[in-house]
Every structure is written in C-alpha cells, then in structure tokens.
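Note that the structure is predicted; figures quoted are calculated from it, not measured.
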Number of protein chains: 2
Amino acid sequence: MASSGVRRTISTERPRSGETRQVLVVAATSALRDVGFAGASAREIARRAGCNQSQVFYHFGSVVELLLAALDEVSASRMAAYRSVLDQATTLTGLVESAQTILTEDLDSGYVTVLVEMISGAQSVPGLGDQVAQRLVPWKAFAEEAVKRALGAAPLGPLVPAGEAAHAIVAGLLGLELLANLDGDRTQAIALFGRARMLVGLLELTGALPGMSAPGQP
Amino acid sequence: MASSGVRRTISTERPRSGETRQVLVVAATSALRDVGFAGASAREIARRAGCNQSQVFYHFGSVVELLLAALDEVSASRMAAYRSVLDQATTLTGLVESAQTILTEDLDSGYVTVLVEMISGAQSVPGLGDQVAQRLVPWKAFAEEAVKRALGAAPLGPLVPAGEAAHAIVAGLLGLELLANLDGDRTQAIALFGRARMLVGLLELTGALPGMSAPGQP
DNA sequence: GTCTATACTTGGATAGAC
DNA sequence: GTCTATCCAAGTATAGAC
C-alpha cells in the first residue's frame, strides 16, 4: 500500500467517505418536505436514505442536529442562487423576472417548506428556536439589501424602510409556502408573483421607480 | 323526582356536563400555542386541562379531532370579532385602525399560531390537510370581502383582483405570525401594521382610494 | 462506517372499575 | 363521565459485532 501516493488510500480508508452523511441530509430534506417536522423521525429519514436508523445518531448525534444540517445545506444552496440573481440584475423588471423564476423553482422543489417546517417545529423543541432564528438572519439581510437596491433612489423610498419591507417579504414568502403546501396548489402563489411583476413594470413606467443601483452600492 | 320540571335533573344527570370537553379544547389551544403541533400530545393537553389523558379519546376520539375542535373554536371566535370590525367600519382609515387593534390582539394571544401550527402540522397526518383547508375557506372569503369593500370603487381596483389580494393578506399574516413566534418578538409585525395604516392614510389623501362601500355592498 | 440488537421513553388508544 | 391500568406502536439513543 501507499504505492500510489494517493492519501485517501493510506490508512484512514473510508469505504464511502462522507457519502452516507450527505445522503442523510438529502433524505432529511425530503422528509421535512413530504411529512413535515413531526413526521421527520430518524427512522423515516433513514428509510429514505436507504440506511440504518442508527446512522443518524452516529453522524449527527441527534435528529434535530440532522434537520438543522439539512436546513443549512438548503439555505446555502438557495442563497447562492438568489445572490447570483441579485448581483446580475441591472434593471428592476429584470430582477423581478428572475426572482419570479427562482421563486417558482423554490415552490416546486419545496425548499421553502424545509424552512417553514423548521420554524413551526421549533415550538416543540426547547432551544431549537434560536438555532433556526440564527439561520434566518442572512436571509433577512439579503432581503434588505435587495430592497435597498431595488428602491434605490426611489422618491417614495423613505416611506418604506428597507428593514420593514424585508421582514414583510420574508413573511409573505413563508406564508405563501404554507398555503401552497396545504392544498398542494401553487397557482395562487405563482399568480401573485406575476402580479408583482406587472405592478413593478407599471410603476417603472410612471417614473415612481427609478433604475436599480449597482451591486454593492445599495 | 321530576317534581321541579327541570329536564336536566331527571335521569341523564351529568355531573359537570360538557365542562371537561370545553376545558380540553382550551387546553388544546394553549398547547398548540406553547409547544406546537408536534408537542401537543394527549398527555400534554390533559395535563394542562387537569384531567386524565383518556378523556381526550372519550370526548373526541383522537388527538387530531381535538386539535381540529380547538381550531374550530378559535376560528369562530376570531371570525366574529373581525366580522364586527368590518361591519362597523365606515371609513378606510377607521377599518385599518380597528384591524390593527384586533390583529395585535391576535398576535399577543397566539390565536393565529393555532392556525399556523395546524397548517404546518397537517403535513404529518394524512387527511388532515383537507380538514384544515376547509376551515380556511371562510377566512379567505372574509378577506376577499374586506378587500372588495376597502378598494370599492378605487380607480386602480381592477389592477389588484380581490381574490389575489385576499390570498396575499392571509399569507402575509400567517408568515408574520411564524416569524413573530420564532423569536418571541412581535414588534416587527406590529410596526408593519402601523406602516400599513400610514400608507393607507396617505393614499386616501391623494385620492387614490375613495371612501368605503357600505356593508353587504362590496 | 455500518449493521443488529436492545434499552428506554413517550404517545395513542382501549378495557374495565367506580 | 372519570379514573386506573394496560397494551401496543413508534421514537430516541446506545452497545457491540462485523
């Protein structure tokens, strides 16, 4: 051994290094989406991951820790997508269009559901609320930045503080997801995205909304 | 016996008729609010009600049925309050002011949390989603009526279909509650209510919003 | 790292005494 | 109607073999 010079074959050989861990995270995500927080047990998740229930505890210590890891991953992946959209947008209409696309994607994939279930489930587990709240901070900050850039030098910008608007936007999305999941019907949420797009276009025409400010300069 | 002529003393004497049932409903409400759907077990609820766990099944057949009964009661009581506000309002500003008061009340009492927990918890129990969705129908209808009366003959009314607006409002409130419960901080939600009130006042001044239409005539 | 087996806990639900 | 006792299912978590 050790002839090939590849480190991973030397001594700490890991048959499927980190693979199960990752599979469990994916399974946890799908469980949160399909059967909710109350249904996302170690056994349910392991079943979806195709491995034994004990792996949950070996890799994550507890079910809640695994669920938080799933939230982290979804959050990071989605944040990257949104960040990219925001940074590439040059016009407000363009931004809203891109946002609509990515938002619909979220709705279809159930990514926001993961967050919603963790928030509502946090009520049942002492201490979980803080953990989830921490992970929401970057999203609030992101929404605030987006609002600042979108409103930019808008004449009635001061009427709507970015912080408040960001809170409203996050709340609105969570609520839409909640309702969409309830009846498995996303058309109403999607219709609202379209409506927002239309209204923004209209406001832009009237001159109430100027162009966007550049990235990094809210 | 049967001398007094009062029916309830004849034969089917019920020591504390219907009392436990009602206490259980109240306990279920508080459990949903404090420990969420996942924590609202028969034992937890019975503990709060000060009775034995078996009473849940005697009176309601199952935990879920009890939770639905709690949702029904909260829903009916709150609907009456909102209905009264809407019917008594004559000006839009007055309506928004009253709505702010009652909404803050909901936030403080955690009534909306009951709904939020039932919606998110519905993911875990097959068939529960439909039950909860049914109970949401009157609220959507109510919100739609409110929007119609508020926008009334507004010049830009056609730009915002009442159905869509109602959906957005319900979603927004649910989302605000979700966030408020997470960090136990209702100030941001309350600030938004104040902001809405200010904006409506402003729009009324500019003439973009006319007076309200009368009750029953959206 | 992964599995089996197992200990322990909690929860849903029912039977039967009062 | 209410309680005690009890059964059974499901869940968390750990120990130990491979």
To the nearest angstrom, how far is B:Glu44 atom CD from C:dT9 atom P?
-> 19 Å

Length of the CZ-P vector between B:Phe57 and C:dG12, whole Å | 6 Å

A:Lys148/A:Glu145 salt bridge by N-O under 4.0 Å criterion = no

To the nearest angstrom, the CG-C1' distance between B:Leu67 and C:dG12 comes to 13 Å

Round to the nearest Å and state the distance from A:Arg47 atom CZ to C:dC3 atom P.
-> 15 Å

Could you tell me the separation between the CD atom of B:Gln22 and the P atom of D:dG1, rounded to a whole number of Å?
-> 14 Å

Have A:Arg135 and A:Ser75 got a donor and an acceptor in their side chains that come within less than 3.5 Å?
-> no

Minimum-distance nucleotide to B:Gln55 side chain [options: C:dA13, D:dG1, C:dT2] = D:dG1

Separation of C:dG1 atom C1' from A:Phe60 atom CZ, nearest Å, is 13 Å

B:Ile45 CD1 to C:dA13 C1': how many Å, rounded?
-> 14 Å

Among C:dG12, C:dT2, D:dG1, the one nearest any side-chain atom of B:Val63 is C:dG12

For nucleotides 5-10 of chain D, tabulate all protein N/O to nucleotide N/O atom pairs closer than 3.5 Å, reporting atom names and distance.
none

Of all heavy-atom pairs between B:Phe60 and B:Glu65, which one has the smallest distance, and what is that distance?
-> O-CB, 3.2 Å

Heavy-atom pair of closest approach, residues A:Tyr111 and A:Val74 = CD2-CG1, 3.7 Å

Here the pair of heavy atoms bringing B:Ala40 nearest to B:Val63 is O-CG1, 3.6 Å

Given salt bridge (Lys or Arg N to Asp or Glu O under 4.0 Å), test A:Arg48 with A:Glu44 step by step and report yes or no.
-> CA-CA 6 Å; A:Arg48 288 165 185 261; A:Glu44 173 66 28; 2.7 Å; yes

Take the protein atom CD of A:Glu65 and the nucleotide atom P of D:dA13, then report the distance between them rounded to whole Å.
-> 10 Å

